[in-house]
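Let me begin by presenting the structure, written as structure tokens, before commenting on it.
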Amino acid sequence: YVTAGALIVGVPAGIFTAMYLARFCNKRLYRFLKPAINLLAGIPSVVYGFFGLVVLVPLVREWLGGTGMSTLTASVLLGIMILPTIIGVAESAIRAVPEAYYEGALALGATPEEAMFKVMLPAAKSGVTAGIILAIDRSIGEAMAVSMVAGNQPVIPESLLSGVRTLTSNIVLEMGYATDMHRAALLATGVVLFVFILLINLTFSLLRKKEDK
């Protein structure tokens, strides 16, 4: 649930930002935005978690109710955390598309926006997909920031405003004192996460091969 919510928040924002940086951003603003985005990628997870506690949790509590520590808050925070990954990879993929594609679309009467959405973005689909896969892997494996804002309730959430404990957070919180069967269960949780990430990567790989054919 948290990973899906993060993708809903992060993927559209990341792709639109990458498109803007690759084609529509002026050079002066680009010199400011690009280092700022790269800086976001280097911020430690605990700092993101602190930002979520100070900013996102009070906002969700005030606007939507509940305690503020919820699935929604964790999803929004994760969506912010995966933005640098998506933006960086997607921008590189868009810039790798030959300039003739864009100019040809304009020559045929397309607007700059139409040329970007209907020509450049489909041509860069492989790279954009790779960025989304990396973002999924990052969001699934994140533990510290999520555990600080998700509420850490070991139950299936009934709504977006309910607290939740992700698999990674559960391992981090309980591994320190787990023994015997408890420890084995946490190790099995890690195996589940590994298999889940492997299946996602294999699925995207098969879809890409099918499209290439």
Side-chain angles (χ1 to χ4, degrees), residues 1-21 33 36-90 128-175 185-186 189-190 192-197 199-201 203-204:
Y1 293 158
V2 173
T3 299
L7 293 177
I8 293 173
V9 173
V11 170
I15 293 176
F16 289 153
T17 303
M19 294 168 62
Y20 173 73
L21 292 176
L33 289 179
I37 293 172
N38 292 335
L39 180 63
L40 289 177
I43 297 176
S45 298
V46 67
V47 176
Y48 276 109
F50 183 74
F51 167 78
L53 280 175
V54 174
V55 178
L56 297 181
V57 170
L59 286 177
V60 173
R61 182 170 58 238
E62 181 178 352
W63 292 355
L64 301 176
T67 63
M69 294 187 175
S70 62
T71 305
L72 177 61
T73 308
S75 297
V76 173
L77 182 61
L78 264 185
I80 296 173
M81 293 179 68
I82 65 176
L83 279 177
T85 301
I86 298 176
I87 294 171
V89 178
V128 173
T129 302
I132 295 174
I133 294 173
L134 292 174
I136 292 175
D137 294 344
R138 168 75 191 276
S139 61
I140 291 177
E142 181 56 46
M144 180 58 68
V146 173
S147 64
M148 295 174 68
V149 301
N152 293 323
Q153 300 176 19
V155 294
I156 301 297
E158 297 179 354
S159 70
L160 289 175
L161 299 180
S162 300
V164 68
R165 178 184 291 182
T166 61
L167 296 177
T168 49
S169 298
N170 193 58
I171 295 174
V172 170
L173 293 172
E174 298 186 4
M175 184 59 78
L186 295 179
T189 302
V192 170
L193 286 169
F194 174 77
V195 172
F196 189 56
I197 292 175
L199 289 176
I200 290 175
N201 291 337
T203 301
F204 276 105

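Given the structure is predicted, the values throughout are model-derived calculations rather than measurements.
The two residues Ser75 and Tyr1 have their closest heavy-atom pair at OG-O, 4.0 Å. Ala145 and Met81 get closest at one heavy-atom pair: CB-SD, 3.8 Å. Nearest heavy-atom pair across Ala90 and Val128 is CB-CG2, 4.1 Å. Closest of all the heavy-atom pairs between Asn152 and Ser147 is ND2-O, 2.7 Å. In terms of heavy atoms, Pro157 sits closest to Gly163 at CB-O, 4.1 Å. The minimum heavy-atom distance between Val172 and Ala143, with the atom names listed, is CG2-CB, 3.6 Å.
Between Ser139 and Val2, every side-chain heavy-atom pair lies at or beyond the 4.5 Å cut-off. Looking at heavy atoms from C-beta onward, Val146 lies out of side-chain contact with Thr168 at the 4.5 angstrom threshold. Side-chain contact between Ile171 and Leu167: absent, with no pair of heavy atoms (C-beta onward) separated by less than 4.5 Å. Here the side chains of Val46 and Met148 are in contact, with some heavy-atom distance below 4.5 Å. Residues Leu77 and Phe51 form a side-chain contact, since some pair of their non-hydrogen atoms from C-beta on lies under 4.5 Å apart. Leu40 is listed as a side-chain neighbour of Tyr48, based on a closest heavy-atom distance under 4.5 Å.
Distance CG/Leu64 to CG/Leu161: 5.5 Å, rounded to 0.5 Å. Taking CD1 from Ile37 and CG from Leu21, the interatomic distance works out to 4.5 Å, rounded to the nearest 0.5 Å. In this structure, the separation between CZ on Phe194 and CG on Leu199 is 10.0 Å, given to the nearest 0.5 Å. Between the CG atom of Leu78 and the CD1 atom of Ile140 there is a distance of 10.0 Å, given to the nearest 0.5 Å. In this structure, Asp137 CG and Leu193 CG are separated by 11.0 Å, a value rounded to the nearest 0.5 Å. With rounding to the nearest 0.5 angstrom, the CD1 atom of Ile82 is 10.0 Å from the CD1 atom of Ile87.
More than 12 heavy atoms of other residues, nucleotides or ligands sit less than 6.0 Å from atom OH of Tyr20. Residue Ile156 places its CD1 atom among 12 or fewer non-hydrogen atoms of other residues, nucleotides or ligands, all under 6.0 Å distant.
Checking Ser162 against Gln153 by side-chain atom types alone, no donor-acceptor pair falls below 3.5 Å.
Tested against Val76, the residues Val149, Leu56, Val60 include a single side chain to side chain contact (heavy atoms under 4.5 Å, CB included) partner, Leu56.
For Ser70, the side-chain hydrogen bond (donor to acceptor under 3.5 Å, both in side chains) partners at least two apart in sequence or on another chain are Thr73.
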(request) Apply side chain to side chain contact (heavy atoms under 4.5 Å, CB included) to the pair Leu134 and Val89, showing each step before the final yes or no. (result) CA-CA 9 Å; Leu134 292 174; Val89 178; 4.0 Å; yes
